Each structure stands twice: as C-alpha cells, then as structure tokens.
Colleague: 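Can you keep this structure in mind? I'll have questions shortly.
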Number of protein chains: 2
Amino acid sequence: MMKYEAVTIKDIAKALGISTSTVSRALRDSYEISPETKALVLECAEKLNYKPNPAALSLKERRTRSIGVIVCEIANNFFSQTIDGIESIAYDKGYNIIITQSHESFDREVAILNFLASRSVDGLLVSVSTETNDISHFKELHDRGLPIVFFDRVVDEINTHKVTLDNFKGTYEATEHLIQNGCKRIAAIVNSEFLLITHERLAGYKEALANNGMEVDNSLIKHCFYGGIEAQEVEEAVNQLLTLRPRPDAILCTSDKLTTGCMSALSRRRIKIPDEIALIGFTNSNVSELMQTPLSVIKQPANEMGRQAAELLLQIVESKRPIKDFEKRVLTPEIIIRESSVKI
Amino acid sequence: MMKYEAVTIKDIAKALGISTSTVSRALRDSYEISPETKALVLECAEKLNYKPNPAALSLKERRTRSIGVIVCEIANNFFSQTIDGIESIAYDKGYNIIITQSHESFDREVAILNFLASRSVDGLLVSVSTETNDISHFKELHDRGLPIVFFDRVVDEINTHKVTLDNFKGTYEATEHLIQNGCKRIAAIVNSEFLLITHERLAGYKEALANNGMEVDNSLIKHCFYGGIEAQEVEEAVNQLLTLRPRPDAILCTSDKLTTGCMSALSRRRIKIPDEIALIGFTNSNVSELMQTPLSVIKQPANEMGRQAAELLLQIVESKRPIKDFEKRVLTPEIIIRESSVKI
DNA sequence: TTGTAAGCGTTATCAT
DNA sequence: ATGATAACGCTTACAA
C-alpha cells in the first residue's frame, strides 16, 4: 500500500542546508546551538510536521517505551478495570501498553511471553494463567534482567514487586458474615489449585470456619480449574453441592465468573437466594446491585491495582540502578453486603 | 537497572567466525547458504537464544508489526469484548495491539492519535469519542497513508473499511417489539448527537413508531452526551421522563451504560419493570438474564466486530498495492427478549 | 557460497 | 556553533 512517508531529521537538514547533527541538537534544545538556528529548525520541523521515529530511538536507546501486559482474558470485569488503570499510568508516563491474553493456557502464556520479550518491551505486567504451575519461563527472563511485576495472580518464587489483594481477609470476612447470618453448611466454589490466590482465599474461608467452631468439610469445597470460563464447570460444581445431604445453605465463590455462574445455576434450578442458599462471591461487576437478588460481593480495587502495578513496573524500568528491595503491596477488598447473603 | 543484554547476529557471527550477512541469510533460510553453515548458525542461534531485534527490523522494514486501538474506555462490556476479538486476530498474524482510551474526550483522542501515529503503529482501529465532531485529525493521517479502520462508532467522511452494526434494525425491532407489547408512550435515552450511531439508532426508533401509526414526541427523547459514563446524566434523563404526563410506559436505551443506568434509576424509584415502565436496551453484559427483571437486550456481536475490523485493517496493512474499494460491513444485532420488555 | 558495505533514523563523539 | 562519522541490529545489493 502507499507508504506513510515520514519526515526525518534528514529532510529538515536538507531543507535548511545544515547537517543532521545540528538539527538533532537543535531539536533537543542543546546549549551548543545558536538561538537563530534553533528557531529555524523548530519552525521547519513544525512546518513539515516532524515526528521522531520511535524505532530509531529504540534501536539507539535500547528501550521501547512500551510495556507488555499478560492477563487470562480481557473481556472480564476485573481485568478490563485493571487494564484501564494500567493504561492511565502508562499514558501519563509516555508508554504504550501491549495487551495479550493467555486464555488460561500455559502454552499460550509461554508463547506470548516469548513474543513479548522478543518484541523488547521494557517490562511486563503479569497475572498468570490458571494452568501455570511451572514458572521457569518467567524466572529465566526475569533473571536475565527483564523487569516484571505480578499483580492479582502473583507467584511467590520470583523476587520482584507484586500487587495483590488481601485475599484471606476477603474470604474470611465474607465467611464470617455468612456464619453470623446463621449459615451452617457453607460451601465454596474456588479456582484452580495451581493459583496462589486460591490457597489464600481458601485459607480465609477455613480460618473463619475454625474460629467460629465449625468443621471444614472438604466435600463442600469444589474446584473449578478454569474458573468457570466454561459454564459447564460451575454447573457441575453446583450440581454436586446440591446432592449433598444436608444440603449446603450458603455458597462462597472466589471469582467473577464463578459467582455469576453460580447465581445462574441456582436461578435455573429455582433455588431461592438467600433463603435456600445464601450467596456471596468475588466480582467486579458494576451491576451487582441490579441482580435478581442484589448480590453481596467481595470487590477488588481493580483500577487501583492496575495503577499501582504499572507504577511499580515503571519504577523498575526507569531506575538507574538495580533494585534490591521489592515490595509486595496488598490491597484491601471491599466487602459489600446486599441481599444475596442475608437470610431473613 | 541491569540491562537485558540481547544476543545479536553479531554475537553469532563472532562465535562462528563468519560474517553477519551469512548469519542473517542462514537465519532466513536463504538458498545461497550451504546446508552445513545453516545448521551451524541455527544451532548457535538456538544455543544463545537469539531473538531478532524488532526495533532494528522496524527501522529497516519501515513497519512495526503493531496496530493501535482507540476506544473510549476499556472497562466496558462491549469494548472489552471487541478488544478480545481484535487481540485474537492480531496475535494469530504476529501483530501487537496497543490499546488506548480516549475517555470520550476529543482532546485526548487527538493527543493519542499523534502519540500512536508517529509511526509506532502500522495501522489503527478506531471507535471515535463522543465529543468527536471534527474528524480532520483522522482525515489528515489517513490521507497521508496511515491505514485506519473504523468500527462501531464509524465516521462517514473518511473513505476506508468500516465495521458497524445494523443500528437501525436493532432499534427498529426493539421498538416494534415494545409496540406489539402494548406500549403507547415509548421514550428513548440515547447517546451524543455527534455520533452517527445515535442517528441510526434514533432513526430505527422513529421509523418503527411511524410505521405503526405512532407520533414521534421529541420530549420523549433524551440525549446523554457522555453516554451515561457519569450516572448523573442518566438519572437526570430518567427524572425528566418521569415528570411527563402521561408518563412514558417504556424506555429504549442505546448503550450499555445507559441501559444499566436506567434500570438502576428506575429501580431506585421503585418503579416496576415492565409493568409501569418496560425497558429494553443495548448491552453486551453477560449477566442480563440475572438482573432483577431479566433484561431484554439488543446485543452486538462485539467479538466478531473486533475480529472483522482487525482482519480488514491487516488486509490494508499487508496489501502490496493501494486499496481502492473499501467495504462497510454491517453486522446484525441479536435481539433477546426477556421479561423487562414484556407487559403481562 | 560467503563477505563487504550501505542504509534505515537518530544521537554521541570527536573534530573543526 | 556546526559538521562528519560511527554506532544501534538488521537486511540486501554488490563483490569476490
């Protein structure tokens, strides 16, 4: 196709009959250039609509001013809000963000990682896929100096900045709330065992039960490996829970899709929420209060998480010296109690 | 920070005691290179984990293998699903996508456009901001050869590929459905008058009224300039509609935020949906059927729209010759009737 | 079959 | 104060 022919420093130099180095210096407002020349160059650059070529700059400066983002999927309330936050910070600091999705696949994650690393992003923001158990692909790149910041689904084994949620607190308080509302058999539909967040969220649930003198019954805990991306998974989990006797009188869900999937499954079976089964779960939907039964939720400060992760990453990227001390920021979940978890 | 020192062709050449051009050719499997040398080079490249430097390639090839995407906001069901579709196609063809948000601001859109267009992208996928009335910034770049494909919020004045919805059909059918359900005073809460989609959607609404022997009453049409990004706007629109006598008995909304905002406003006023006021609207939420009143919706094939837009853009980008004949693809909305629009 | 050298756009170094 | 040149990593005439 017709090439978008860009104006270069050479064009300016030619137009003005001076050398490219003078133009370059004038554009960067170097002290060695006379005011007259500067004015001339600036005016000419303006007139020709000169824009520096980022590829040339990248080559020279060995930086791309872009950062990669890996999430499991974009079309998800939590992640799209996080990306919103990331984009805001990146834009303010003059960085591009390159978005990719693992679709919860380990293989895809590895492929993407190579793709991005070879495209020389200056750094990476990562929330690992559900299938990710082995993290050597991240480790290797990180060891070779690629700045990485993990958010939400972080991994313990890599020493870098992390931004995550107080997952324990989220499920602890949600579970305790259910207990205080008279729930006796509280089930949990949770994510893959590979994910750290699953363990943290389960721990909060278990601890709340224990501290309230209740037994942890493993038959009440259902793992959905793909976090309910396919509705079938949640359907199955709910089915199994419903066959138990005595039946659970509450369900705690640990992700967006699990929560809405569970509500949908219960609704289809005409099970009354919260009377028959109370429901509370993680979600960042902005319509939770408009649900058939206004939904009690554990909400993540998603936008803020994205912003902080981006800030930390750019801090590493732009730091002159190697960073030794890494932070693990733990944000606080917002627990919003509505009707779905309050027995009458 | 410690720089991620990449392996270059030079390193391979040095290691093998051959020239860089030989290495380059071997890597690209040139016919001029002996099988032995090729094997050697490939093995060495593998061993050193050589990855071509994209900045150097960009500089040489005058292409970046990345495409820019401008949407009003990422954290929105419709747009995040569209981006999902775009990402899938881009990934398959080896392109990065660079996501930006205009936040419905014209100034921001112009700034972003310059940011992206300074040749850090090979092409652009755009859904214009609500404030965008003047499109000369796009026109200029497009005239200078930057491939642009518009989707959803397209503009008429630029001759390029476009992927949009049959907006007329969406509102026509939705309105007719309301009429057939006995609604007599059908209000519409719509987007900015600057947007073409607003006109198309309004036209469908008006035509359906006319074809069914009903008057178009302009007091029943409320514009929300920012499409309900701030809840206040929708609140106000609903307020005004409720003061009308006779009161409207149905509301049609033309965007995601308008629809949920309207439902929220009605709900807060304890107005029964659909008995007092029926409701139908555009939304790509995946929990519409879980709403307090299962929501009748006009749903866009968002993912598909993203895929098609990306395909068309890459078709331009990768075409050897200038493209003369541009397509306007018009996708069909899915109208899903649930309870919110069906008077008993 | 392989090597040399120029060039993509920019900046830093070293002249002048 | 300005210019020439080399370099960033890669590809590709052109030479050998």
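Labels below follow one simple rule: chain letters A, B, ... track the order of the sequence lines, proteins then strands, and each chain is numbered from 1. Everything numeric in this text was worked out from a predicted model, so none of it was measured.
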Colleague: What's the shortest heavy-atom distance between B:Ser102 and B:Glu109, and which atoms?
Modeller: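 Answer, listing the atom of B:Ser102 first, then B:Glu109: CB-CB, 4.2 Å.
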Colleague: Consider the side chain of B:Asn53, meaning its heavy atoms from C-beta on, and name the nucleotide among C:dT2, C:dG9, D:dG9 that approaches it most closely.
Modeller: D:dG9
Colleague: Could A:Arg144 and A:Glu140 be called an ion pair, given the rule that one side-chain N must be under 4.0 Å from one carboxylate O?
Modeller: yes
Colleague: Side chains of A:Ser136 and A:Asp134 only: does a donor on one sit below 3.5 Å from an acceptor on the other?
Modeller: yes
Colleague: Would you say A:Ser21 places a side-chain N or O within less than 4.0 Å of OP1 or OP2 belonging to D:dA4?
Modeller: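 No.
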Colleague: Does C:dT2 have OP1 or OP2 sitting under 4.0 Å from an N or O in the side chain of B:Ser34?
Modeller: yes
Colleague: Could you work out which one of D:dT2, C:dC8, C:dG9 sits closest to the side chain of B:Lys60?
Modeller: C:dC8
Colleague: What is the distance, rounded to the nearest whole Å, between atom CG of B:Leu40 and atom C1' of C:dT2?
Modeller: 14 Å
Colleague: Tell me: CD of B:Glu32 to P of D:dA16, nearest whole Å?
Modeller: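 Answer to the nearest Å: 16 Å.
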Colleague: Ignoring backbone atoms, establish whether B:Thr37 has a side-chain N or O less than 4.0 Å from OP1 or OP2 of C:dT2.
Modeller: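 Yes.
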Colleague: Starting at atom CD1 of A:Ile12, determine the distance to atom P of C:dT11, rounded to an integer number of angstrom.
Modeller: 11 Å
Colleague: Would the base of D:dA4 count as contacting A:Ser19 through its side chain, where contact means a donor and an acceptor less than 3.5 Å apart?
Modeller: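 A donor-acceptor contact between them is absent.
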Colleague: Toward the 5' end of DNA chain C, which comes first, B:Thr20 or A:Thr20, by nearest nucleotide?
Modeller: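 Nearer the 5' end of the strand: B:Thr20.
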Colleague: Atom CD1 of B:Ile9 to atom C1' of C:dA5: distance rounded to whole Å?
Modeller: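 In whole Å, C:dA5 C1' lies 15 Å from B:Ile9 CD1.
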Colleague: Compare side-chain N and O positions of A:Lys10 against OP1 and OP2 of C:dG7 and report whether any pair is under 4.0 Å apart.
Modeller: no
Colleague: Looking at A:Arg108 and B:Glu87, is any side-chain nitrogen of the basic one under 4.0 Å from a carboxylate oxygen of the acidic one?
Modeller: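 Yes, this pair counts.
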Colleague: OH of B:Tyr50 versus C1' of D:dG9: gap in Å, rounded?
Modeller: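 Taking OH of B:Tyr50 and C1' of D:dG9, I get 7 Å after rounding.
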Colleague: Grab the CG-C1' distance between A:Leu59 and D:dG9 for me, whole Å please.
Modeller: 5 Å
Colleague: Considering only heavy atoms and no angle criterion, is a donor-acceptor pair shorter than 3.5 Å present between the side chain of A:Ser24 and the base of C:dT11?
Modeller: no
Colleague: Return the value, rounded to whole Å, for the distance between atom CD of B:Glu61 and atom P of C:dG7.
Modeller: 19 Å
Colleague: Please state whether the phosphate of D:dT2, meaning OP1 or OP2, lies under 4.0 angstrom from any side-chain nitrogen or oxygen of A:Tyr31.
Modeller: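 So the side chain of A:Tyr31 is outside the cut-off, no N or O lying under 4.0 Å from OP1 or OP2 of D:dT2.
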Colleague: Is the closest side-chain heavy-atom distance between B:Glu304 and B:Arg329 below 4.5 Å?
Modeller: no
Colleague: Of the nucleotides C:dT11, D:dC10, C:dG9, which has the atom closest to the A:Arg28 side chain?
Modeller: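 Shortest atom-to-atom distance from the side chain points to C:dT11.
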Colleague: To the nearest Å, how far apart are A:Lys14 NZ and D:dG3 P?
Modeller: 15 Å
Colleague: Can you name the closest pair of heavy atoms from B:Val121 and B:Gly68 and give their distance?
Modeller: CG1-N, 3.5 Å
Colleague: So, is B:Arg63 near the phosphate of C:dC8, with a side-chain N or O under 4.0 Å from OP1 or OP2?
Modeller: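 B:Arg63 to C:dC8 OP1/OP2: no side-chain N or O under 4.0 Å.
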Colleague: Reading DNA chain D from 5' onward, which residue's closest nucleotide shows up sooner: B:Thr22 or A:Ala56?
Modeller: A:Ala56
Colleague: So what does B:Thr8 touch, heavy atoms closer than 4.0 Å: a base, only the sugar-phosphate, or nothing?
Modeller: sugar-phosphate
Colleague: Any base atoms under 4.0 Å from A:Arg25, or only sugar-phosphate, or nothing? Heavy atoms, all strands.
Modeller: base
